[in-house]
Structure formats: structure tokens, C-alpha cells
Amino acid sequence: MIEPLTQDDHVARPPGTERLAPESVRNGEPFTVFYGPGVGDIFVDSTGRIRSMEQSLWRMLRSAGFERIVFSTLQDPVYFRDRASWDRSRRPARRTPGATDRPGARSMHHAGLRGPLGGMQLLGAASAAEPARNTATGAGAARASGISDPFGVMTLTAHLRSTAHRTAVVFPHADEFLLHNRAPRQLAGALAEWAADGVEGNQWILVFNRPSLGRVAEFLAQLGHCPQLETFVTERRDEPARGGTHRIELPQKPELERLVHSVRLRKGLRVGWRDLDRVVRGMAGQPQTARVWRERLQHLRVGERTLDRDSVRDWLGGSVADERTPWERLAAMPGTEELVRRFEGLRAEVAASEELRARGRASRAEPPSRHLVFTGNPGTGKTTVARLVGEMYRDVGILERGHCVEAKPGDLVAGYVGQTALRTDALIDRALDGVLFIDEAYGLSDQQDGFGGQAIEVLLKRMEDDRDRLVVVVAGYPDKMTEFLDANPGLKSRFPETNIVPFPDYDPDTLQTTLLNRLEQRGLTVEEGTAQTLRQIVEGMHRTRDKNFGNVREMRTIADAIHSRWSVRVGRDVERPVSAGDIPETYRTHLPRPAPDPEQLLAGLDQYVGLGPVRGELTGLTQRLRMRQEREAKAFDPPHLLFTGPPGTGKTTVARRLGELFRALGLLRSGHVVEVTRPDLVAGYLGQTAPLVRAAVERALDGVLFIDEAYTLVRDAGGSGGFGPEAVDTLLREMEHWRGRLVVVAAGYPDDIERLLDFNEGLRSRFTVKVPFPEFSPDELEEILRRMAAENGYVITGAAMERALRWLEEKRKVHPRSFGNAREVRKLLEITEGGKAARWSAGEKGHELLPEDVPDPEESRDGRGFPDGRGWPV
């Protein structure tokens, strides 16, 4: 219930609230514009009484020294809330003969009014000695009835022009009044004349139900018929230090505490005294009106519940139930030692500034930027710390409220012209006096060609205009946030490098502790052996993580999945602990597996001709790993390899098999192979090469990156301006960064590979295994041709084989460096099949390949096949 006016309210300085202090009305201004989230709220004055917005305005204006306070709305063009204002607005009645010359009849003449309305009784039939009482609002109010809008404007202006009493004309609903008043020309003229030549001390008081002064300016611009008022508001919006405007805030702790006691004393609310201070402090940290809090408190009373930290958990979150300070909660988070030191330094800085002010040596310099950049993968605590930042900034006095408004780029950016600025402004208005946390903020710069750039511009302006009331925290992946800060020069000045806070991935110990704690919180116990199994899974997940790894979030997901399987297994026998069988199969891929027998594992290579040296190298790797497993020693990281040899000797084929081999050995989780060449890694423009290399590495993570003809990466290193060296430098950094999760195989001629290693010595230390692929001997080429022919259903005769081998030998002699070995065999078989096809068309069926099907060995010197057109050129 809103308290009615009483006799005590007519004293010189009636009780008020912190949100509507007399200082908000500055002398010398023609207008005072009120706006903000507290417009239309209820107010709890210093005596604990709950007042309406209009009542609180009256008390504030009376305390500010106004002797006559006139209100005006669309429904009631002229009315008063107190007898003194009524009395000071009356004129002595002039008695005239006629119908009005009777007891009790009164009229009021206004010096500024002439004509047939000059004798109209403006304020209804109520006696001047006793103003009408408005029982609906519980306030005494004399109201005009039947007054037209033009006449109402003239009356209000006349009151303001009077110098007998300091006067305020109040529009408590200025939006509706200006929009729907039927005398817009008279009103605009009155406002313009008043702004140019008003009476010192008297004011128009306009209350707009808008969250910011910018929104008031937009409304007046769209309205269009109050240019003088629009100019006044726009100037104050652009120069916030000028007087004439006041933002009505949401309630702070003292007022909310009075509200609690008001509901307690008047309605019987039960209060948990031990928790009261913590609860009220938590209430003050939320961007809610006193009206909302009153409804919630009354809901507790109706439900016969006690106001304590448990009953308000749904409203305030779990932090209100935590007795630790935000500083202690931050220190308890894993891996936040650097953050704790940073914020302890901030607290010391603020304390030193306060001491300097106390000694009269306050700094006149602009305060440092408090906006922050959080960089890191998901699940590293960025959101949690952003919430704590608000509380810590409130504790040291940087922010009044310290609440945290969480958003994504989609909450700021709209799909139509003009809407993005409105959405961004609205979000910032909600965050004022607290923290605006924008996760994945790089989404704004990714759509610079759309409306993301407009959102950034609005954000930058508000960060400057509201720098004493707003802290912005942007978060995202490290590389993406670097791109975000580079997208607009203003971002780097608002977010200096010293305010970039890295959130590294959690180590396996921390992740394991989080997982076990989560299981314990769900009431589960874990067998000792199962705990060790979970440790191995956690280590495997950590080792194979990528930028999307959820850290603590992943641990919660595992724990919940284990709980689900455990529940199905045990039913109501909840005393049974978690066993290894409760771990989902999805996560078992991270468990170590015994190394298979080398002979069995490498048997797949036996089908290929000429890979004896290769098989020997890979056999040594498998034997080494198996020995480590039998000794229960830690497995080694998979090595990077060099495949040296001419084309067609099986390098690509073995690279594909290598991924499967390393996966079977447990050295790689996936074992897939990504094949690239120079065009896939080297771009033609500055700054594009490194992203290409990183993208290829990202595709190959947990598998093999096979770079064929690797020497071509640096063929432009002789000064022709290419970007190959940048590709090599980036590749080296990625190989070191993803050690254990990436195998790089560089292939090429032996001498070319040596030149590549000489180009950058870092390559020699990274590529620790060199696997030779020698040229195939004539016998090996013969076996390859025989197998290829058999795979295609042919039988090659002895004479045909002899002719084919001479063709291959001549080919090697003529082109020794580019001879393709098995590739040349495949080409030769295609040409030979063409010859076979010609005979087949002539009716010679059969499966044999005859000498006449094979091209003339002499013709291999000039690269031709059949000169008579019976085959394809080589």
C-alpha cells in the first residue's frame, strides 16, 4: 500500500529518498528532465513509508525550495497535491451581480486570460478552503475538470510566469502528455519562450519513462513538435556534465533495507536476522525495481516463508548462500592465482587513491580503463569470473551495483537498419552500474560488413559516455579475440593490452578433482581402480583437446553420463560404488591399449613391393613402444617423419597406412591423413599463408599431415618475394604446439629434402625419423606390373613382360629424375590395355597381354606411345 499524504508532509523538508534528492534540481535551468529505470517505481522514504513516484517527486521538490507545485497529465490538465500550492494558485473572487452572486459561488480571473473564458472557474466545484481528496491514490489533490488542452497550457504557463512564489510545473507522464496533447503548437511555443526568457527559479519538470537520456532524445526527435526541448535534451546527452537532467536509479541497499522492515512491520514478514545483511546486499546487486522486490517479499509472507539466503536463492543465485567474499571465491577457483594478484593490486590501487584524496592530493588524471578481455577455451571459468568482477568492483567502489548482464553478439545485433543501435543501447542500459559480459565477442567483428560494426561503434561510445558506471568484459578464443581487437582502433584503446586476461586450459589434476567432486556432489562413491581409470581418460582428453574442449564443462558431462549408467545398473541399491563398467564407451577410446604384435600390425605392408626398408623402420617403432608398455613406462609422442625417395615408390600409400598404425599403437587418437602440397599451404598475399597452415594442421590434429614435394615450400626463398618461408616458420610453431597430437610427414627426393632441412635448422630437430624409399629394381618393377595386370584380370606373357621392362628401362634412362617407378608401371599398363582393346575389337578375345600390345621401347625416348594411334601417348 502507498502511504497517503498526512499533516506531517506539509513541513518545510518532508522525508525523501536517496534516488530523488533535492540536488537533482539545479537552479538556473529552465527544465529538469527525469528519466531512468526507476521512473514509475515505488520509493521507501527515510521514515520507512512507501510512496508513489508522484508523491516522492512532490517531497523532493518541496525540499528543493519550491513553494508551489503544479501537476499536469492528459486526464487532469491542472491539479495540486497539497493545500499550500492550491492556495497560492487562487485569486480573490470578484463578485458580480447576477447568477453567480450567491453564497459559495466563486470565480477566478487570470491576468493573462481575456475574453469569454475570463470568468471561468478553473478548478471545479470544490471549496477553496478544502481541496478534493483523491481516495484512490490516498493523496489530497485539487483537480481541474473540463479544461481544454490549450487552456491548460495557458494556465500552466501563467503559473510559471508568476514571480510571487517559486513554482514547478510537473509532467509526471511526459511521454504521453507530449504525444497526445491536443495543443502541440501552444505547448511548443510555451516551451520555447520559457527556455529563452523564463522566470529565474521556476521550472518545468518532465518525467520520461525512458531508460536513458539518449532514448529521451530519440523520442523527442521522432515527436518533432518540441524542438526547443529536443535541443535541450540532446545537448545534455552529448555533454553529461551539464545540469538539467537526472537519472532515477534502481533502489540501493539502504532503501531496500527499509523496504524489508516496512513489509516486516506492516505485513508480518518473517526475517532471518543472521542472513539479513547478506540478503539485502544481494538484492541491491540485482537490477530490479523496489516494486518487484515488494511483490517478492509479500509472496514470501503469503507463503509463510522466512526471508533468508535459502528463500531468495532463486532470485539472487547461489552466491548469496556462499558466506565467502568474492575475493575468497576467486582464490578458491583452480588456476586463478594470476587473477587474484591482479585484483588484489586493483584493491591496493583504489585504497591508495582514497588516501591521496583524504590528504587533498586527489589525482586529476582520467582513471585507467577497467574494461577486461578474457581469452581462453570454453569451461575455463570466464563467465564465473565475470560475475565475481562485478562484486569485487562494487566492493572497492568502482561500481555501485555490481550485477552482471550476460550477452552474446546476437543480443546486440539486429537484422534491420536502425535496430542494432537500439538493442545495444538497451542492453547497456541494463548493465549500467554493473558488468556487461559479452561472450564470443568476436562475432561482432566477424560481421563487420553487416550490423556488427554498428554494435561496436555504439558500444565504444557508451563505454566512453558511461565510463564511471559501466565495465565491459569481452571473452572468446585467444586468436579470435586478437582479430576482434584489431577490427576497430577504438577497441584497443578501451581494452589495453594490460587488461587482457588469459584463461588457460585446466591441467589433468584439476580436471580429475572436478570430476570426482561432481560425482561426490551427486552422492556417488568411486572404486579405487575406477578412479585410476577415470584419471587415464582425463589425461587422454586433455592430451587430445582442441579449442572446443570444454574443460570443467566436460567433466560435468562425464560425471552426469556416469551417474545415468550407474543408476540403471544399481537401481535402489545406491550404496554400490561406481565401477569401470559405468563409464560410457565414448570415453574408453582414451584408455591405453596394449601394443599389438609388430608382425601382425605391419603385415598389411607385405602386399606392397619394395617396402622392406620402410617396414624395418616401422618395426623398430612398434617394438620400442611395446617394450615401454611392458615396463609400464610412459608412452612416447609419435615422431615426425621424412619420406625420401623418387615418385611412385609408395610414400603416399605408406603415409595413409601410417595413420592407421599409430592409431593402433595408441599414439594417435584418430589416425586420419590430410594430404597437402604447396598450394594448400602457401598463399599469394601477405598475411594469408599462416592461416592456411594453421587450418591444415587443425584438420590433421590427432592424425597425419602428409606434405608431398615438401621442398617446394621454400623454392621462393631466394628473394622472389614468395611466402614459403612463412609457411615453414608457422609449421614449426604448430608442430611444437601440438606435439603428441600431430604427425607431420614430409616427402620428396632425398637431395631436395636435405635442402629443405638446411633452409631451417629447426626442421632437423623436429623430423627425427627418416624413412628411405629407394627406386624399384627391375625385378620389383616386374612384380608390380604382374600384380597390377592380375588385379585387372590380365595375364602378361613372358615376351610381353620382356618388352615392357625394356620400355621402363628406356624411360628411366631418358628421364632419370622424373621416372615415376610404380606410376610409370601403371601408365604402361594403361597403354598396353589400349593395345589389347584394339585387338579385342578386331575379334581377338582372351586374357593375355601380348608383345604387340606393349609400346615400342624406342618410342619411350620421346614420350610417345603408339605412333599409329593405337594407344595413348605417355
Side-chain angles (χ1 to χ4, degrees), residues 278 281-282 285 309 313 316-350 370-396 398-399 402-407 434-441 471-478 481 495 498-522 534-535 538-539 541-542 545 547-560:
R278 181 184 302 276
R281 189 167 63 248
R309 58 186 179 182
R313 188 188 297 267
L316 306 180
S319 62
V320 71
D322 197 329
E323 296 184 356
R324 299 172 298 175
T325 67
W327 311 85
E328 293 168 339
R329 278 179 276 153
L330 179 63
M333 291 179 62
T336 58
E337 294 80 6
E338 179 59 34
L339 275 173
V340 171
R341 286 192 291 270
R342 176 186 292 268
F343 287 113
E344 287 294 345
L346 171 65
R347 182 152 60 176
E349 178 185 334
V350 172
R370 305 299 186 191
H371 309 294
L372 300 169
V373 180
F374 289 175
T375 64
N377 290 337
T380 49
K382 299 187 295 296
T383 303
T384 301
V385 173
R387 296 168 184 163
L388 293 175
V389 164
E391 295 185 52
M392 290 186 288
Y393 277 8
R394 180 188 63 199
D395 284 356
V396 299
I398 294 175
L399 295 173
H403 63 289
C404 182
V405 174
E406 300 169 26
V435 170
L436 175 61
F437 176 67
I438 308 175
D439 199 9
E440 300 176 7
V471 169
V472 178
V473 178
V474 292
Y477 297 117
M481 293 309 296
F495 298 101
T498 53
N499 287 24
I500 299 177
V501 182
F503 283 71
D505 287 334
Y506 291 131
D507 58 72
D509 289 338
T510 302
L511 295 174
Q512 172 78 350
T513 300
T514 303
L515 172 57
L516 296 179
N517 286 344
R518 177 73 171 184
L519 291 172
E520 182 181 356
Q521 291 167 2
R522 304 212 63 172
L534 290 174
R535 170 70 184 203
V538 169
E539 288 179 345
M541 295 179 68
H542 184 268
R545 70 193 187 281
K547 68 177 184 178
N548 296 315
F549 179 62
N551 287 278
V552 170
R553 202 176 302 163
E554 294 283 358
M555 298 303 103
R556 290 199 296 264
T557 301
I558 298 175
D560 294 344

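Because the structure is a prediction, the values reported are computed rather than measured.
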Asks: Can you tell me how far the OG1 atom of Thr384 sits from the CE atom of Met333, to the nearest 0.5 Å?
Replies: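 Atom-to-atom, Thr384:OG1 and Met333:CE are 5.0 Å apart.
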
Asks: Would you say Trp327 and Asp395 make side-chain contact, with heavy atoms under 4.5 Å?
Replies: yes

Asks: Within the side chain of His371, is there an N or O that forms a donor-acceptor pair under 3.5 Å with the backbone of Val472?
Replies: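 At least one qualifying donor-acceptor pair exists.
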
Asks: Other residues, nucleotides and ligands only: do more than 12 of their heavy atoms fall within 6.0 Å of CD on Glu520?
Replies: no

Asks: Classify the ring geometry between Phe374 and Phe437 as parallel (under 30°), tilted (30 to 60°) or perpendicular (over 60°).
Replies: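 Phe374 and Phe437: tilted rings.
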
Asks: Which heavy atom in Val538 sits nearest to a heavy atom in Gln512, and how many Å separate them?
Replies: CG2-OE1, 3.6 Å

Asks: Salt-bridge test for Arg341 and Glu344: reply yes if a basic N is under 4.0 Å from a carboxylate O, no otherwise.
Replies: no

Asks: Should the pair Glu539-Arg535 be classified as a salt bridge under the 4.0 Å nitrogen-to-oxygen rule?
Replies: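 Yes, Glu539 and Arg535 are salt-bridged.
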
Asks: So how far is it from Leu316 CG to His403 NE2, rounded to the nearest 0.5 Å?
Replies: 13.5 Å

Asks: Taking all non-hydrogen atoms of both residues into account, name the closest pair between Phe503 and Thr380 and its distance.
Replies: CD2-O, 3.3 Å

Asks: Could you tell me the separation between the CD atom of Glu337 and the CZ atom of Arg342, rounded to the nearest 0.5 Å?
Replies: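 Result: 14.0 Å between the selected atoms.
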
Asks: Write down the atom of Gly285, the atom of Arg394, and the distance for their closest heavy-atom approach.
Replies: CA-NH1, 3.8 Å

Asks: In Å, rounded to the nearest 0.5 Å, how long is the span from OG1 of Thr514 to OH of Tyr506?
Replies: 7.5 Å

Asks: Ignoring hydrogens and geometry, is there a side-chain-to-backbone donor-acceptor pair from Glu554 to Asn551 under 3.5 Å?
Replies: no

Asks: With the threshold set at 4.0 Å, does a side-chain nitrogen-carboxylate oxygen contact exist between Asp560 and Arg518?
Replies: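 Salt bridge present between Asp560 and Arg518.
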
